[in-house]
Amino acid sequence: MNTVYAIGELESFLIAILVLFIGHSVNRHVALFRKYNIPEPIVGGLIVAAVITVLHFNKISLQFTLSMQNTLMLMFFSTVGLAASYKQLLKGGSKVFVFLGVASLYIVIQNAVGVSVATMLGLEPLMGLIAGSITLSGGHGTGAAWAQTFSENYGINTLEFAMAAATFGLVMGGIIGGPVAQRLINKNGLESSYGIGGNHHTDHPDLLTYDQLEEDRVTAKSILEVLFILLLCVASAKWIGGLVKTMDVSWLKMPDFVYALFLGVVITNITELSRGYKIKAESVDVLGTVSLSLFLAMALMNLKLWEIFDLAVPLLIILLLQTVILAAFAYFVTFKVMGSNYDAAVIAGGHCGFGMGATPTAVMNMGALVSRTGPSPQAFMVVPIVGAFFIDIVNAIILQGYLSFIG
């Protein structure tokens, strides 16, 4: 039996910041990680998770107190909404639906691979769906929900495998996104239309870059104003989520971060149309980057890597094959359909993130890229909106189709 050590809230928060420092330090000294834009939270998070795994096998368990994790995630998605002014939506809104089509096609392929390989390996075809879009495009929450459904309707216990598969996907999605996008950028000689380096906010004050290295001209007043707006979105999203749970309206039931994102969209467009108050983009940029980095650090330092060790070899084969196929699909299909330009390359890197892990992983991949290769506001509008909202609906519809066919 493991000895459990509970880590307090403040200490857990300090460790989350330490994860980012570790990732930054390792990336600074390892040229390979810099070359392929491996995100700092992935590097630092895996190192800390590896230490925790060693302790686990030595009968020591650390239990972090991470009550801020969900709030930080909601804050980040609120900044995504605040960046989606109607001018930006008119400029590249059609790309949202193009990317939705690409991502939907891949979910069909992802499940076809999972079911067919599972069947070939002599496994229950439903396990192929668990090793498909349920956990890889859906993430831990979707995996847990479907595991309960499979247990109730089919008598199959898949929860442990679903959590392990989602963990595997989260890690691999963060690892392959940077190399895929960087290869596309290098091979095709692509550049951001905003240029590389320098201070983009000087020439483009409304631009959100999510670049940790960007020099932002912010004041305490502007930070407090934007922080108030973000926390308003967070509190309202939680309130709406709680209200919807009490109502018998299934189509309104969505993750809280979807409400936060769309509240941000509403607020930024109301202020833009009324012209009574202008939200300072640079302050949104700073708070968005900080909240995303800390959220991912908390998620990754809390990974239970030993769950991956428990994967049966056939299921591990499926997941490795899924990783290779997604990388190839993003490289050859996503990039070309999205326009074969710089934005398309960044979107391809983001697709690797949420096609294997989750939308924050996608944004983390893109953030690591733009810090070195220049801004891509279109990618930061298209990928989070599809990944945070539309893809869950499409995923549920496609999964129901597969279940009808298998059944």
Side-chain angles (χ1 to χ4, degrees), residues 36-37 39 79-106 173 176-198 200-201 203-214 261 265 281 284-285 288-289 292 326-355 359-391:
Y36 291 109
N37 297 300
T79 68
V80 173
L82 291 175
S85 70
Y86 72 93
K87 294 177 183 176
Q88 288 285 351
L89 292 171
L90 289 174
K91 189 184 297 183
S94 62
K95 291 286 187 180
V96 170
F97 299 101
V98 175
F99 184 55
L100 176 61
V102 172
S104 301
L105 171 62
Y106 184 71
I176 65 174
V180 166
Q182 192 66 57
R183 169 70 176 165
L184 287 167
I185 291 169
N186 293 344
K187 182 182 177 182
N188 297 283
L190 304 173
E191 292 183 2
S192 169
S193 58
Y194 296 90
I196 301 173
H200 300 101
H201 289 143
D203 300 322
H204 308 281
D206 294 329
L207 181 68
L208 263 69
T209 63
Y210 295 105
D211 180 354
Q212 294 186 41
L213 305 178
E214 184 80 47
L261 188 153
V265 173
V284 176
D285 211 342
T289 303
L292 174 65
L326 174 57
F329 185 91
Y331 188 91
F332 292 107
V333 180
T334 305
F335 174 66
K336 290 183 179 178
V337 174
M338 295 308 298
S340 299
N341 53 19
Y342 176 75
D343 290 324
V346 178
I347 289 171
H351 193 188
C352 290
F354 88 73
T359 304
T361 311
V363 179
M364 176 182 64
N365 286 348
M366 298 190 299
L369 277 164
V370 301
S371 293
R372 291 191 59 205
T373 56
S376 176
Q378 185 179 91
F380 278 91
M381 180 184 69
V382 169
V383 174
I385 288 177
V386 172
F389 177 60
F390 292 113
I391 206 64

Peer 1: Only distances under 3.5 Å count here; give the side-chain donor-acceptor pairs of residues 183-190 to other protein atoms, sequence neighbours excluded, each with its distance to 0.1 Å.
Peer 2:
from   : atom 1 : to     : atom 2 : distance (Å)
Asn186 : OD1    : Gln182 : NE2    : 3.0
Asn186 : ND2    : Gln182 : O      : 3.4
Asn188 : ND2    : Leu184 : O      : 2.8

Peer 1: Do the non-hydrogen side-chain atoms of Val265 and Leu261 ever get within less than 4.5 Å of each other?
Peer 2: yes
Peer 1: Quick one: does Val98's side chain get under 4.5 Å of Met338's, heavy atoms only?
Peer 2: yes
Peer 1: Please identify which of these residues, Pro375, Ser376, Pro377, meets the side chain to side chain contact (heavy atoms under 4.5 Å, CB included) condition with Val346.
Peer 2: Ser376
Peer 1: What heavy-atom pair brings Gly349 and Asn365 nearest, and what distance separates the two atoms?
Peer 2: O-ND2, 3.2 Å
Peer 1: Could you list the residues that satisfy ring-ring contact (aromatic ring centres under 6.0 Å, His included) with Tyr331, not counting sequence neighbours?
Peer 2: none
Peer 1: Among all residues two or more places apart in sequence or in another chain, which pass the side-chain contact (heavy atoms from CB on, under 4.5 Å) test with Ala181?
Peer 2: Leu369
Peer 1: With sequence neighbours left out, write down each residue that passes ring-ring contact (aromatic ring centres under 6.0 Å, His included) with Tyr342, or none if nothing qualifies.
Peer 2: none
Peer 1: At their closest point, which heavy atom of Ile391 faces which heavy atom of Ala103, and how far apart are they?
Peer 2: CD1-CB, 3.6 Å
Peer 1: Write down the atom of Pro384, the atom of Val80, and the distance for their closest heavy-atom approach.
Peer 2: CB-CG1, 3.6 Å
Peer 1: Can you tell me how far the NZ atom of Lys95 sits from the CD1 atom of Ile347, to the nearest 0.5 Å?
Peer 2: 7.0 Å
Peer 1: Locate the shortest heavy-atom distance separating Leu292 from Met364; write the atom from each residue and the value.
Peer 2: CD2-N, 4.2 Å
Peer 1: Is the shortest side-chain heavy-atom distance between Ser192 and Thr373 below 4.5 Å?
Peer 2: no
Peer 1: At what distance, to the nearest 0.5 angstrom, does CG of Asp343 lie from OG of Ser193?
Peer 2: 6.5 Å
Peer 1: Just to verify, what does Ala330 make a side-chain contact (heavy atoms from CB on, under 4.5 Å) with, not counting sequence neighbours?
Peer 2: Val180, Thr334, Ala348, Cys352
Peer 1: Who are the ring-ring contact (aromatic ring centres under 6.0 Å, His included) partners of Phe335, not counting sequence neighbours?
Peer 2: none
Peer 1: What is the ring orientation for Phe99 with Phe354, classed by angle as parallel under 30°, tilted 30 to 60°, or perpendicular over 60°?
Peer 2: perpendicular
